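Just so it is clear, the model here is predicted, and its values are computed rather than measured.
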Amino acid sequence: MNTLPSDSGRVFDAPSTNWVYRVLPRALWPYAQLARWDRPIGWQLLMWPCFWSAALAANTAALEGTASVGRLCIHLALFFVGAVAMRGAGCTYNDIVDETIDRAVARTRSRPLPSGRVSRRDAKLFMALQGLVGLVVLLQFNLFTIVLGFLSLGFVAIYPFAKRFTDWPQFFLGMAFSWGAVMGWAAEFGRLSAAPVLLYIAAIAWTVGYDTIYAYQDREDDELVGVRSTARRFGERPKPWLVALYGLTLVLLVLSFALAGAGALAYLALAAAAVLLFYQILVLDIHDAGQCMILFRFNGAVGLIIFAGLASAFLLRWILSP
């Protein structure tokens, strides 16, 4: 049974060796847990589509002779801070909405709100503070990117409620979590084109896939409390669905790279990422919650490899340019 000592101050599904518990005073632990600072995989998965998009745009800019390594580095730094801040704000909002559900699910009842370690008022104030940091980051970009950033808030607002009315809440998560796939391109060019749109759809399919694996941890509890998910929808046969989702991800990424004129190193990295994606499907045991969490976190490496390929392709093109 998933239990923790009532006075531990920890949450069940976060590593106790995380820097949060070694560096921060105990009074700040609940806020770090609301923002999921003790589980960095979330902001990483939010950040990678931003980084992909920025690096993909840099490849195109290098072809056009307008690329700047310095500008790319600034964009990446802003997207990093924005991903940490907005993932934290989103998780805090999600916990406020789902407090009753979280209290009924074994894996989540140790979180700050259902365990009573943070009041709803303080959680809302903390959410607003994180949102303010995200706003400051967003305002550093051009007007087109700022408008795009505000448009994403609709998906963020809907997502926590999606599990109440559809078997596909992971799709709504994908629309919110993948928005960075258009932001990086917009930050570079002040407009969109087919390449970032395909990148966005690819990232949605990727998100639905990895979050389905994550959702299998809670499938039994979700059935008891009436929460819907793709894990419940796919039942005992998720692998054909995951093959389709991850396959669609790869096809769309190839098309996006081709339209943007990405260099060869980007495709080599994508091939390596494909191996990691299908490895997840091959070894997946939906009845092993611990393994589901490990495979979910595995996608942080997938995101890193794809970004590394795009960044390397850009740098090689920039170095070799006349």
Side-chain angles (χ1 to χ4, degrees), residues 1-22 24-43 45 87-127 130 156-167 169-170 172-173 176-177 210-233 285-297:
M1 183 176 180
N2 301 343
T3 59
L4 283 168
S6 59
D7 61 347
S8 71
R10 311 295 177 90
V11 290
F12 176 77
D13 55 349
S16 60
T17 56
N18 187 272
W19 70 270
V20 163
Y21 306 113
R22 292 182 282 106
L24 295 183
R26 190 182 179 99
L28 294 181
W29 289 4
Y31 298 96
Q33 291 162 357
L34 279 173
R36 308 294 197 272
W37 294 344
D38 53 345
R39 280 166 284 181
I41 184 59
W43 63 255
L45 293 173
R87 190 261 183 153
C91 286
T92 305
Y93 169 66
N94 191 74
D95 282 5
I96 292 169
V97 172
D98 283 349
E99 181 181 357
T100 301
I101 292 174
D102 285 346
R103 193 176 293 119
V105 175
R107 186 179 59 82
T108 58
R109 65 170 60 106
S110 61
R111 289 178 178 175
L113 277 168
S115 65
R117 290 181 289 118
V118 170
S119 69
R120 290 180 66 86
R121 173 183 173 276
D122 288 347
K124 291 175 181 178
L125 289 173
F126 184 53
M127 177 183 67
Q130 294 173 94
V156 174
I158 293 171
Y159 166 64
F161 300 98
K163 68 190 74 174
R164 294 162 169 82
F165 63 79
T166 178
D167 290 336
Q170 281 71 23
F172 289 88
L173 176 68
F177 245 57
Y210 69 63
D211 201 62
T212 293
I213 293 173
Y214 181 87
Y216 271 98
Q217 298 175 96
D218 300 327
R219 186 168 58 141
E220 293 181 2
D221 285 332
D222 287 348
E223 290 174 355
L224 290 174
V225 299
V227 168
R228 301 165 72 174
S229 71
T230 48
R232 291 188 62 193
R233 174 68 178 82
D285 178 359
I286 60 174
H287 301 291
D288 183 343
Q291 190 220 42
C292 289
M293 176 60 83
I294 290 170
L295 293 178
F296 164 74
R297 290 174 176 162

(Q) If we ignore hydrogens and angles and just use 3.5 Å, is the side chain of Arg117 paired with the main-chain N or O of Ser110 as donor and acceptor? (A) yes
**Q.** Test log, rule side-chain contact (heavy atoms from CB on, under 4.5 Å), inputs Gln33 and Val118
**A.** CA-CA 10 Å; Gln33 291 162 357; Val118 170; over 6 Å; no
Q: For Asp98 and Arg164, run salt bridge (Lys or Arg N to Asp or Glu O under 4.0 Å): C-alpha distance rounded to whole Å, both residues' side-chain angles, the deciding distance at 0.1 Å, then the answer.
A: CA-CA 11 Å; Asp98 283 349; Arg164 294 162 169 82; 3.2 Å; yes
Q | Ser119 and Arg121: side chain donor to acceptor below 3.5 Å | A | no
(Q) If we count only N and O atoms by modelled type, under 3.5 Å, do the side chains of Asp38 and Tyr21 hold a donor and an acceptor together? (A) yes
Q) What's the spacing between Ile294 CD1 and Asp288 CG if we round to 0.5 Å? A) 7.5 Å
Q.
Distance check, rounded to the nearest 0.5 Å: Tyr216 atom OH versus Asp211 atom CG?
A. 12.0 Å
Q.
Is the ring pair Phe172/Phe165 parallel, tilted or perpendicular, if the boundaries are 30 and 60 degrees?
A. perpendicular
Q: Sort out for me which residue in Arg87, Lys124, Gln130 forms a side chain to side chain contact (heavy atoms under 4.5 Å, CB included) with Thr92.
A: Gln130
Q | Distance (rounded to the nearest 0.5 Å) between Thr108 OG1 and Glu99 CD | A | 11.0 Å
Q. Yes or no on side-chain contact (heavy atoms from CB on, under 4.5 Å) for Trp37 and Trp43, after CA distance, side-chain angles and deciding distance?
A. CA-CA 9 Å; Trp37 294 344; Trp43 63 255; 5.6 Å; no
Q.
Strictly distance-based, threshold 3.5 Å: is any side-chain N or O of Thr166 a donor or acceptor partner for the main-chain N or O of Pro169?
A. no
Q) What are the two closest heavy atoms between Cys292 and Gln217, and how far apart are they? A) CB-CG, 4.0 Å
Q) Does Ile41 offer a backbone N or O that forms a donor-acceptor pair with the side chain of Arg36 under 3.5 Å? A) no
Q.
Please determine whether side-chain contact (heavy atoms from CB on, under 4.5 Å) holds for the pair Val227 and Ile101, giving the CA-CA distance in whole Å, both sets of side-chain angles, and the decisive distance to 0.1 Å.
A. CA-CA 8 Å; Val227 168; Ile101 292 174; 3.8 Å; yes
Q | Where Gln170 and Thr212 come nearest, the two heavy atoms and their spacing | A | CG-N, 4.1 Å
(Q) Rounded to the nearest 0.5 Å, what separates atom CD1 in Ile213 from atom CD in Gln291? (A) 8.5 Å
Q. Do Trp29 side-chain atoms and Leu24 backbone N/O form a donor-acceptor pair below 3.5 Å?
A. yes
Q.
Please determine whether the number of non-hydrogen atoms from other residues, nucleotides or ligands lying under 6.0 Å from atom CD of Glu220 exceeds 12.
A. no
Q: Please list, chain by chain and in numerical order, all residues satisfying ring pair (Phe, Tyr, Trp, His ring centres under 6.0 Å) with Tyr31, sequence neighbours excluded.
A: Phe126
Q. Quick one: are Pro160 and Ile96 in side-chain contact, heavy atoms under 4.5 Å?
A. no
Q. Does Tyr159 use its side chain to pair, donor to acceptor, with the backbone of Leu173 at less than 3.5 Å?
A. no
Q.
Walk me through whether Lys163 and Asp222 qualify under salt bridge (Lys or Arg N to Asp or Glu O under 4.0 Å).
A. CA-CA 10 Å; Lys163 68 190 74 174; Asp222 287 348; over 6 Å; no
Q | Separation between CG of Asp218 and CG of Leu224, rounded to the nearest 0.5 Å | A | 11.5 Å
Q. Does the separation of the ring centres of Tyr210 and Phe177 fall below 6.0 angstrom?
A. no
Q: Please step through side-chain contact (heavy atoms from CB on, under 4.5 Å) for the pair Arg120 and Leu113, ending with a clear verdict.
A: CA-CA 7 Å; Arg120 290 180 66 86; Leu113 277 168; 4.1 Å; yes
